Student: 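Encoded as structure tokens, here's the structure I'll be asking about.
Bear in mind the structure is a predicted one, so any value in this text is a computation, not a measurement. Index from 1, following the sequence.
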Amino acid sequence: MNAPDTAPDEPAEHARFAAHLRELAQATGAREPAVVARVLGDPDRTMARSAVLRHLDRRAGDLLPGPGFAAWREAMTRAVGDDPFLTRRLLEWSLLRVVVRQGPWRPDDLLAASDWLQLRAAATANAEVLRLLAERGRTAGLSRARSGDH
């Protein structure tokens with residue numbers, strides 16, 4: 001008999017979360033959207049969204065520079081359905097891709113983006129992004145306040 005993956009007093013949703021992460025880590029290709037949709041069907045919606053978010057962030061980071069990103073993002077957008085947070089995260093990964101590849105982007109899109117994306121974008125080598133965020137980004141004031149440069 002195999003030893004259980006979780007302690008006997010661990011909440012069931014913790015075990016399901018770990019199981020979802022393992023399943024998502026193995027889901028690629030044509031199977032991936034179905035696995036994402038199945039995980040999102042978990043009765044604990046918050047836990048399921050968290051597992052899918054980790055998966056989307058990991059996969060998007062891996063696929064960002066390559067040619068398969070756009071098709072993957074479209075498939076994942078369909079898989080997450082009408083979940084506004086996950087849909088926005090996928091859109092923000094698309095904007096980050098444009099920034100990283102130094103393609104055309106609109107400053108207002110980056111300024112309206114989440115702190116998560118602004119911080120990611122600030123970590124790129126795109127000088128135009130760095131200038132914009134240093135001057136007008138929401139996190140710029142936080143960074144200066146923390147470093148004592150205000």
Side-chain angles (χ1 to χ4, degrees), residues 1-126 129-130 132-133 136-143 145-146:
M1 178 183 207
N2 291 338
D5 287 347
T6 60
D9 59 343
E10 183 174 21
E13 63 272 10
H14 291 194
R16 288 196 324 274
F17 182 75
H20 289 328
L21 289 178
R22 284 191 302 274
E23 185 177 16
L24 287 163
Q26 297 172 3
T28 58
R31 210 171 78 75
E32 187 177 8
V35 173
V36 167
R38 185 170 51 255
V39 169
L40 288 173
D42 189 282
D44 185 335
R45 182 79 174 147
T46 301
M47 178 272 298
R49 286 173 79 211
S50 179
V52 169
L53 179 64
R54 280 195 193 184
H55 174 72
L56 295 178
D57 285 348
R58 180 183 59 80
R59 290 282 290 149
D62 290 347
L63 295 169
L64 195 67
F69 178 84
W72 172 83
R73 192 211 56 167
E74 288 176 26
M76 290 301 99
T77 299
R78 287 190 299 276
V80 301
D82 61 352
D83 185 296
F85 181 78
L86 296 175
T87 300
R88 179 173 176 164
R89 181 57 67 93
L90 288 165
L91 287 171
E92 288 189 337
W93 273 108
S94 295
L95 180 54
L96 184 61
R97 176 179 163 85
V98 171
V99 165
V100 167
R101 296 176 71 153
Q102 306 220 0
W105 52 276
R106 295 176 347 137
D108 287 345
D109 290 342
L110 188 54
L111 292 172
S114 69
D115 291 352
W116 174 88
L117 179 60
Q118 287 190 14
L119 288 168
R120 289 257 176 168
T124 69
N126 188 317
V129 166
L130 295 175
L132 174 70
L133 293 176
R136 298 175 45 205
R138 279 187 311 283
T139 58
L142 290 175
S143 297
R146 285 187 188 136

Student: Quick one: list whatever passes salt bridge (Lys or Arg N to Asp or Glu O under 4.0 Å) with R16, sequence neighbours left out.
Tutor: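 Expected list: D42.
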Student: Flag the pair D108 / R136 as yes when at least one side-chain heavy-atom distance between them is below 4.5 Å, and no otherwise.
Tutor: yes
Student: If you measure from CG on L111 to CD on Q118, what distance do you get to the nearest 0.5 Å?
Tutor: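 It comes to 6.0 Å.
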Student: Sequence neighbours left out, what pairs pass salt bridge (Lys or Arg N to Asp or Glu O under 4.0 Å) with at least one residue falling in residues 79-95?
Tutor: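 Those involving residues 79-95 are R45-D83, R49-D83, D57-R89, R88-E92.
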Student: How would you list, by chain and number, every residue that makes a salt bridge (Lys or Arg N to Asp or Glu O under 4.0 Å) with E13, sequence neighbours excluded?
Tutor: none
Student: Which residues pass the side-chain hydrogen bond (donor to acceptor under 3.5 Å, both in side chains) test with R31, not counting sequence neighbours?
Tutor: none
Student: For the residue pair L24 and A51, what are the closest heavy atoms and their distance?
Tutor: CD1-O, 3.6 Å
Student: Distance check, rounded to the nearest 0.5 Å: L21 atom CG versus S50 atom OG?
Tutor: 7.5 Å
Student: Within the 4.5 Å heavy-atom criterion, are V36 and L86 side-chain neighbours or not?
Tutor: no
Student: For D109, what residues pass the salt bridge (Lys or Arg N to Asp or Glu O under 4.0 Å) criterion, not counting sequence neighbours?
Tutor: R106
Student: Quick one: which residue pairs count as a ring-ring contact (aromatic ring centres under 6.0 Å, His included) with a foot in residues 18-68, not counting sequence neighbours?
Tutor: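 ring-ring contact (aromatic ring centres under 6.0 Å, His included) check on residues 18-68 returns no pairs.
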Student: How far apart are the closest heavy atoms of V80 and T87, and which atoms are they?
Tutor: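 Closest pair (atom of V80, atom of T87, distance): CG2-OG1, 3.7 Å.
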Student: Could you tell me which non-hydrogen atom of L130 sits nearest to which non-hydrogen atom of A122, and how far apart they are?
Tutor: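 Nearest heavy atoms, L130 then A122: CD2-O, 2.9 Å.
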Student: Show me the donor-acceptor pairs, under 3.5 Å and distance only, between side chains in residues 59-76 and residues at least two apart or in other chains.
Tutor:
| residue | atom | partner | partner atom | Å |
| --- | --- | --- | --- | --- |
| R59 | NE | E32 | OE2 | 3.1 |
| R59 | NH2 | E32 | OE1 | 3.1 |
| W72 | NE1 | E32 | OE1 | 3.2 |
| W72 | NE1 | E32 | OE2 | 3.0 |
| R73 | NH1 | S94 | OG | 3.2 |

Student: Going by the rule salt bridge (Lys or Arg N to Asp or Glu O under 4.0 Å), which residues pair with R101 if we only count those two or more places apart in sequence or in a different chain?
Tutor: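 R101: no salt bridge (Lys or Arg N to Asp or Glu O under 4.0 Å) contacts found.
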Student: Show me the pairs that pass ring-ring contact (aromatic ring centres under 6.0 Å, His included) and involve residues 81-115, at least two apart or across chains.
Tutor: W93-W116
Student: Starting at CG of L133, measure out to CG of L119 and round the result to the nearest 0.5 Å.
Tutor: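 One gets 8.5 Å once the value is rounded to the nearest 0.5 Å.
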